[in-house]
Structure formats: C-alpha cells, structure tokens
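Order of appearance sets the numbers: ligands from 1, and atoms from 1 within every ligand. The analysis underlying the following values was restricted to heavy atoms, covering all of them including side chains, and did not include hydrogens, waters or symmetry mates.
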Amino acid sequence: MADNCILITGAAGFIGSHCVVALAEAGYNVIAMENSKSTNNLAFQQINKILGWEVKTCRCDLLNYEEIVKIFERYKITTVIHLAAMKGVSESMNYPIECYRKNLVSTLNLLEVMRLYGVKNLIFSSSCAIYGNQVQMPVAETALPHSISNVYGKSKLFIEKILSDLSRSDKEFKITILRYFNPVGAHSSGLIGEDPKRKQISFLTLLGKAALDKEMNLSLFGSSNIRDFVHVMDVGEAHVAAVSNLESGDSFKVFNIGSGIGISLLQLIKIFEHVNCVKISYTIKDRQESEIEAIIADTTLAETDLGWKSRKTVEEMCTDCWKWMTYNAINF
Ligand SMILES: CC(=O)N[C@H]1[C@@H](OP(=O)(O)OP(=O)(O)OC[C@H]2O[C@@H](n3ccc(=O)[nH]c3=O)[C@H](O)[C@@H]2O)O[C@H](CO)[C@@H](O)[C@@H]1O
C-alpha cells in the first residue's frame, strides 16, 4: 500500500493535468484519477514525459460509490484534490440535470467515502462563477453571490455550501476552496493543454482553433467582456501552495485564484494574433444571457495566506497555448 497519497480527481483534464505535474514535481505522492469511462490515456503519457517517470493512475466513476470505495481501500490517501466536474457555462444551461448530477452527486459520493475512511483534507475546485454579477471590482472572497445566471455557477456554489456545513459539523475536516477565474494557456513544454476536441473549451483554446482553421469564423459574444485570465501552470502551483497550507489556521478557507488583471476578449484576440503572428477571423455578437460582463479577482488573500501569486503574463498564456495547439493538441 502506497503511503500518504494525494488523490487528484479529474486528473487527465486541463487543470488536473497541470496540478498532477506541479504536485509531483513538488515531491508529493500523487494518484491521478480519471473517469472510468474516459478512454484518453494520452494526457497521462504526456505527463510522464514531462516528469520523466510514471505517475500513479487509477480510473473511477465518481457517480459509482463502490468504485470510489475500491480506490480508498487500495491507497492510503491523506488528501483529496477534487477537480472532476462538468464545466462550461453554456453547456450547463442546456443540460442542467446532467450538470447537477455530475457536480453535486459525485462530490457527495466522494465526501461520504472520505468520511468513511477518515480522509479529512480536501481542496475543492470552485469558480468565480459563484460570484454572479458583481458591481465592485476586483472581487474579494467576502463578496456575496449576486444573481448567478447559470447552472454551472450555481452547482459550484451549492457544493461550497455543503462543504461549509461539513466543516461546521466535523472540525477535523480541513477544507480549502479555490475559486478559479479563467484558467487558460498550456504547459510551457507544449506537451499538455486543453483538449480542443471537447465541447466546452476555454476562450484561448478556441482562439488557437480559429487561428489553425482558416475556414473558422469565431462568434465573439460581447467583445468588451472582461475576464481575469490566469495561466494554467500558475493554477497548478496554487494547488501546491494550498496543500502545504492545509494544516495551518482555519479548517475552512476560500481563495480567489486569478491574475488580478482584467482583459477584454477583443484585447486578448489582439495579443494572441500579435505574439503568435497569426490572424483570427471573428464576428462580434451580443453577450449571451447566461454570462456576466466583467469579473476580476482580488488575489490579496492568496498572496498573504498561501504565499501564491500568478507569475505568468498574458503573452505567455498566448504563446504556450499556441505551442500546445501546434505541437501536440492535434493528436488528442
Ligand atoms: C465568470 C465565469 O462564469 N467564469 C467561469 C466560466 O468562464 P467563462 O464562461 O468566462 O469562460 P469561457 O472561456 O467559456 O468564455 C470566456 C468568454 O469568451 C466568450 N466566448 C466563448 C465562446 C465563444 O465561442 N465565443 C465567445 O465570445 C464568452 O462569451 C465569455 O465572455 O466558466 C469557466 C469554466 O468553463 C470557469 O473556469 C470560469 O470561472
């Protein structure tokens, strides 16, 4: 039985794969878990190339309680980083039941098994979508959620509430919630990144697709929308900081994980075109109803309490994304 493992759910995904690399490189004993229905082993192969050794992997459907039990029987898990979820604002609006089932039921199953095995350290991946529409920018963790217009954001907020109740009822639980803003980019090696074939991809990966496909005309929903884009490698490092901070201080903590810089979608297109010497064809359309106009993170708390700050620039987000799209994404 392997000792003191960190279990990462959703480990072959965009953020998950970068977390696996960051934690493994920091010396943690990582178990990279992926959905048992997923057939894509390529992410793990690429992770192994970056690390230079083979990361431990397992497959499990989090909607299946018995499958989770088997994993906890097999490994001595001390901490769980729970990333597996259905993401994407527009998909969540079209498939609300699927979104709630995937995000809520799987989390409840996981929490029950964690409690059964006395595993009480958890880092949960939440989203700035839980803030809804805010007037005050940048948004601090203390801001109250306001008119969340999409199912994805609501599902994340419900889980945050469940975790807060759990930590109130059982003081042994150490729970850290990371609210990601807009993670983008790819690993600087170009070996891992976001699978461009997925239905829900981040805006930057979409720009990469549009730059590769000369026939593609991107629909730009609200060119002046402001987002806080944060490099996915910085997001990976935020998890390393959060793991090492779990034991200190309060048993329930929440941190914004963003760059603290707001950029409009149109600005991002211009930077992407400039640094990668490409052209993107797009048509400006109205903002979608389920979306907010602007959001920027106040990252003071992550800086003071976690000692984490995003380091990579928007230009690096664009060049790393393009490197990934042109070197490797094509094989995914
Ligand atoms: C504020 C908010 O809710 N943020 C969450 C939301 O990000 P958010 O929805 O902002 O992330 P996306 O990358 O999907 O979209 C970014 C921006 O690009 C625009 N766009 C997208 C696709 C397209 O074809 N054309 C286009 O213009 C969107 O309208 C949006 O304004 O979902 C992400 C996961 O999926 C989460 O990580 C974010 O925390």
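- Every atom of ligand 1 is numbered from 1 in the order shown, and the set under 4.0 Å from a heavy atom of Glu291 is 9 (O), 28 (C), 29 (O), 30 (C), 31 (O).
- Nearest non-hydrogen protein atom to atom 3 (O) of ligand 1 is Ala129 CB, 3.3 Å.
- In this structure, atom 33 (C) of ligand 1 lies nearest to the protein heavy atom Tyr152 CE2, 4.3 Å.
- Of all atoms in ligand 1, numbered sequentially from 1 with element shown, those under 4.0 Å from a heavy atom of Leu220 are 27 (O).
- The number of heavy atoms from other shown groups lying within 6.0 Å of NZ (Lys161) does not exceed 12.
- The closest protein non-hydrogen atom to atom 19 (C) of ligand 1 is Leu265 CD1, 3.6 Å.
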Lys199 vs Glu91, salt bridge (Lys or Arg N to Asp or Glu O under 4.0 Å): CA-CA, chis, key distance, verdict: CA-CA 8 Å; Lys199 247 191 274 166; Glu91 198 182 8; 3.4 Å; yes
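- Here the heavy atom of the protein found nearest to atom 6 (C) of ligand 1 is Val89 CG2, 3.7 Å.
- Note on ligand 1: Gln200 sits outside its first shell, no heavy atom being nearer than 4.0 Å.
- With Ser126 as the partner, the side-chain hydrogen bond (donor to acceptor under 3.5 Å, both in side chains) test is satisfied by one option alone out of Arg179, Lys156, Glu160: Glu160.
- When hydrogens are left out, the protein atom nearest atom 38 (C) of ligand 1 is Phe181 O, 3.4 Å; that is the closest non-hydrogen contact.
- For Ile295, no nitrogen or oxygen atom sits less than 3.5 Å from a nitrogen or oxygen atom of ligand 1, counting backbone and side chain alike.
- Annotation: His18 is not in aromatic contact with Tyr180 [ring centroid separation under 6.0 Å not met].
- Per-residue contacts place Ser219 under 4.0 angstrom from the following atoms of ligand 1 (heavy atoms of the residue considered): 23 (C), 24 (O), 25 (N), 26 (C), 27 (O).
- Under a hydrophobic clustering in which Ile, Leu, Val, Met, Phe, Trp and Tyr are joined whenever their side-chain heavy atoms come within less than 4.5 Å, directly or via other members, Phe158 and Met86 fall into different clusters.
- Every atom of ligand 1 is numbered from 1 in the order shown, and the set under 4.0 Å from a heavy atom of Ser127 is 5 (C), 36 (C), 38 (C), 39 (O).
- Checked by distance only, ligand 1 and Ser202 stay at 3.5 Å or farther apart across all their nitrogen or oxygen atoms.
- Open room surrounds OH on Tyr95; 12 or fewer heavy atoms of other groups in view lie less than 6.0 Å from it.
- Between Gly88 and ligand 1, an N or O atom pair is found at a separation short of 3.5 Å.
- Between Ser90 and the choices Gln200, Glu291, Gln288, the side-chain hydrogen bond (donor to acceptor under 3.5 Å, both in side chains) rule is met once, by Gln200.
- Around atom 16 (C) of ligand 1, the closest heavy atom drawn from Phe221, Phe203, Tyr131 belongs to Phe203.
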Derivation of the salt bridge (Lys or Arg N to Asp or Glu O under 4.0 Å) call for Glu34 and Arg59: CA-CA 5 Å; Glu34 192 44 32; Arg59 292 197 178 271; 5.8 Å; no
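- Residues Asn256 and Trp308 approach most closely at O-CZ3, 4.3 Å, considering heavy atoms.
- Using modelled atom types and a 3.5 Å distance limit, the side chains of Ser147 and Asn133 yield no donor-acceptor pair.
- Numbered from 1 in the order shown, with element, the atoms of ligand 1 that lie under 4.0 Å from a heavy atom of Ile292 read 1 (C).
- From the protein, the heavy atom lying nearest to atom 10 (O) of ligand 1 is Arg227 NE, 2.5 Å.
- Neither the backbone nor the side chain of Leu218 comes within contact range of ligand 1; no heavy atom lies under 4.0 Å.
- Compare Ser290, Cys128, Ser224, Ser126 by their heavy atoms: the one nearest to atom 4 (N) of ligand 1 is in Cys128.
- Interface atoms of ligand 1 facing Leu206, defined by a heavy-atom separation under 4.0 Å, are 22 (C), 23 (C), 24 (O).
- To the nearest 0.5 angstrom, Asn35 atom CG is 7.5 Å from Leu62 atom CG.
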Worked check of salt bridge (Lys or Arg N to Asp or Glu O under 4.0 Å) between Lys253 and Asp305: CA-CA 10 Å; Lys253 291 172 265 193; Asp305 287 21; over 6 Å; no
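- Looking at ligand 1, you'll find an N or O of Tyr180 within less than 3.5 Å of one of its N or O atoms.
- Distances shorter than 4.0 angstrom do not occur between any heavy atom of Gly222 and any atom of ligand 1.
- The environment of NZ in Lys102 is sparse: at most 12 heavy-atom neighbours from other residues, nucleotides or ligands sit within 6.0 Å.
- The nearest heavy-atom contact from the protein to atom 7 (O) of ligand 1 is Asn182 ND2, 3.5 Å.
- For ligand 1, the polar-atom distance check against Asn150 finds no nitrogen or oxygen pair separated by under 3.5 Å.
- Asp165 CG: more than 12 foreign heavy atoms inside a 6.0 Å radius.
- In terms of protein heavy-atom proximity, atom 14 (O) of ligand 1 is nearest to Ile201 O, 4.2 Å.
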